[in-house]
Number of protein chains: 2
Amino acid sequence: MPKQTFLSLPEDKQNTLIQSAKKEFSRVPLHEASIANIIKDAGIPRGSFYQYFEDKEDLYYYLLNQVAQENNKKLNSILQEKKGNLMDALADQFRYMISLRHDEEHKDFLRYAFLNMNHRKENTMANNIYKESLKNERSQTLEMVDTSYLNIEDKQELSHVIRIVGAITFHNLVQVFVHDLTDEEAIFNYDAQISLIKKGLQRKEVD
Amino acid sequence: MPKQTFLSLPEDKQNTLIQSAKKEFSRVPLHEASIANIIKDAGIPRGSFYQYFEDKEDLYYYLLNQVAQENNKKLNSILQEKKGNLMDALADQFRYMISLRHDEEHKDFLRYAFLNMNHRKENTMANNIYKESLKNERSQTLEMVDTSYLNIEDKQELSHVIRIVGAITFHNLVQVFVHDLTDEEAIFNYDAQISLIKKGLQRKEVD
DNA sequence: CTTGACATGTGACACGGTGTCACATATAAT
DNA sequence: ATTATATGTGACACCGTGTCACATGTCAAG
């Protein structure tokens, strides 16, 4: 989390720094990004940076979390639109996510995020790290799921379902960036996989 | 890949370096590991290191690939034992993987590998990077799958199934290390999820 | 042998990045 | 006006990387 000092800064100064950071994190992946570049671009001294953030990661995950929050809102609205049908909502959400690749502002930032997706980034995207407010939003999302569409018996199974579709969704998003899939290819694969797990991987015994 | 120079080295010198590397990569995750520590421990000069490997990553993925190869062999043998039943084989393989946590030699190395699992590591573990021989082994594994257990229609769907169970398996392995799950918890979750996707996530219409 | 060509070994060094700290400056409170 | 407290600043010490000029080894041909 950014330190209080940063949050107390005049908004435009905050934005300058954020813009510079986004620029750097869009140039190279996190581990190659340098604080030196960010502060040079933002025109602030090195010491100040460390008054605002713990380190590079702190700033990075602050940004990533902002993206995640937008995303979460989107999912909520889609889920509402789909009347609680989780699988349908995810199919839409997936399409939305890959469409972000064409958005100049997020493009390369997302690209490097997914090319170097790891547990912490995934967790941030799925929103578990920041703020209690998010915990609320999260369960708010969960509450919206209409479980009658799903082949489950209790809340615990719902959480397993979430993990399953989450793992598959992230896997597919990573594939999109790693192999530079077209939207069509990406959607085809994702839908195929979702369809498979919806109907079940195990052949029913035919007697 | 290590350079030829390394592969031509007397075996004991190779092993010394490998041991020192494993020690360092078990001490801290890849990005914190330092070549300085490895060569100090192995007692070789800095210049030599760069004659053997491109860089830190080169050495790391060489080691990880060795682990992956052992793993692949194991999967093959389990799959054979299970007469091509993929899902059953994976359940066993998962148990085997988490049991490696208790093996002193691999313990921390694996721990840091999974705590920082990313696309490249996952891919290495699932074996796609090194050697043609592995490509063969891979398809060899695929050939062993008896598709009659599965609810699929063609080879393409089989590859989707592999991706699905792969994503879920890795997700669960990461969770094991991130949350320090007991073997029992890990197996419970994994089995629950596998069972769900086997029978299908979508409720059948009851009329 | 000895010479030369080529492979391998070696460690000092330049470079670039990080995080800190002593000092400067602003802001607020009495 | 004075003191306390927060914030700004950039020089600096530290550490790790990858390279390069030079040293040493190997081996085959004369």
Side-chain angles (χ1 to χ4, degrees), chain A residues 1-64 108-109 112 116 118 120, chain B residues 1-64 108-109 112 116 118 120:
Chain A
M1 278 286 282
K3 301 183 183 171
Q4 186 53 47
T5 316
F6 177 73
L7 300 170
S8 312
L9 243 39
E11 222 177 299
D12 59 332
K13 204 174 174 187
Q14 281 188 37
N15 285 333
T16 311
L17 183 48
I18 299 237
Q19 281 317 310
S20 301
K22 245 187 185 156
K23 195 198 271 186
E24 177 68 358
F25 292 132
S26 298
R27 186 182 67 83
V28 284
L30 173 54
H31 70 279
E32 283 177 44
S34 94
I35 296 174
N37 276 336
I38 297 173
I39 60 179
K40 191 167 53 181
D41 190 81
I44 64 167
R46 189 164 193 81
S48 293
F49 179 91
Y50 285 97
Q51 217 130 28
Y52 304 149
F53 297 94
E54 288 297 330
D55 50 28
K56 209 175 39 170
E57 272 75 28
D58 192 19
L59 170 52
Y60 180 82
Y61 283 98
Y62 177 63
L63 295 187
L64 189 63
D108 293 326
F109 182 82
Y112 286 119
N116 300 283
N118 59 15
R120 185 168 174 200
Chain B
M1 278 287 280
K3 302 184 183 169
Q4 185 54 47
T5 316
F6 177 73
L7 300 171
S8 313
L9 243 38
E11 223 179 297
D12 59 331
K13 204 174 176 187
Q14 281 189 36
N15 285 333
T16 310
L17 184 48
I18 299 236
Q19 281 317 310
S20 301
K22 244 187 185 157
K23 196 198 269 187
E24 177 67 359
F25 292 131
S26 297
R27 187 183 67 83
V28 284
L30 172 56
H31 70 280
E32 284 177 44
S34 93
I35 295 174
N37 277 336
I38 296 173
I39 60 179
K40 192 165 55 180
D41 190 81
I44 63 167
R46 190 166 192 81
S48 293
F49 179 91
Y50 285 96
Q51 217 131 25
Y52 304 149
F53 297 94
E54 287 299 329
D55 51 27
K56 210 173 41 169
E57 272 75 28
D58 191 19
L59 170 51
Y60 180 82
Y61 283 97
Y62 177 62
L63 295 187
L64 188 64
D108 293 326
F109 182 82
Y112 285 120
N116 299 283
N118 60 16
R120 185 168 173 200

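Rounding to whole angstrom units, CD of residue A:Gln51 and C1' of D:dT5 are separated by 12 Å. As a whole-Å value, the separation of B:Gln4 CD from C:dC6 P is 18 Å. Across the protein-nucleic acid pair, B:Ile44 atom CD1 and C:dT10 atom P stand 9 Å apart, rounded to whole Å. To the nearest angstrom, P of C:dT8 lies 16 Å from CG of B:Leu17. Protein atom NE2 of A:His31 is 15 Å distant from nucleotide atom C1' of D:dG16, rounded to whole Å. A:Phe49 has its CZ atom 17 Å from the P atom of D:dT7, to the nearest Å. Here the P atom of nucleotide C:dT20 and the CZ atom of A:Phe53 are 16 Å apart, to the nearest Å. Spacing between atom CG of B:Asp58 and atom P of D:dT17 amounts to 14 Å, rounded to whole angstrom units.
Here the shortest heavy-atom pairing between B:Leu9 and B:Gln14 reads O-NE2, 3.1 Å. The minimum heavy-atom distance between B:Ala42 and B:Thr16, with the atom names listed, is O-CG2, 4.0 Å. The two residues A:Asn116 and A:Pro29 have their closest heavy-atom pair at ND2-CB, 3.3 Å. Closest approach of A:Tyr112 and A:Ser26 over heavy atoms only: CE1-O, 3.1 Å.
OP1 or OP2 of D:dG8 lies within a sub-4.0 Å distance of a side-chain N or O belonging to A:Lys13.
As judged by a 4.0 angstrom heavy-atom cut-off over every strand, A:Leu9 is placed among residues touching the sugar-phosphate backbone only. Counting any heavy atom pair closer than 4.0 Å across all strands shown, B:Ser48 reaches a base atom. The residue A:Tyr52 sits close only to the backbone: its heavy atoms come under 4.0 Å of sugar-phosphate atoms, none of a base.
The NE2 atom of A:His31 lies 8.0 Å from the NZ atom of A:Lys56; values are rounded to the nearest 0.5 Å.
With sequence neighbours excluded, no residue satisfies side chain to side chain contact (heavy atoms under 4.5 Å, CB included) with B:Gln19.
Heavy-atom neighbours of A:Lys3 NZ from other residues, nucleotides or ligands within 6.0 Å: above the threshold of 12.
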Any N/O pairs under 3.5 Å between the protein and nucleotides 15-19 of chain C? List them or say none.
from   : atom 1 : to      : atom 2 : distance (Å)
C:dT18 : OP1    : A:Ile35 : N      : 3.3
C:dT18 : OP2    : A:Ile35 : N      : 3.4
C:dT18 : OP2    : A:Arg46 : NH2    : 3.4
C:dG19 : OP2    : A:Tyr50 : OH     : 2.6
C:dG19 : N7     : A:Arg46 : NE     : 2.8
C:dG19 : N7     : A:Arg46 : NH2    : 3.4
C:dG19 : O6     : A:Arg46 : NE     : 3.1

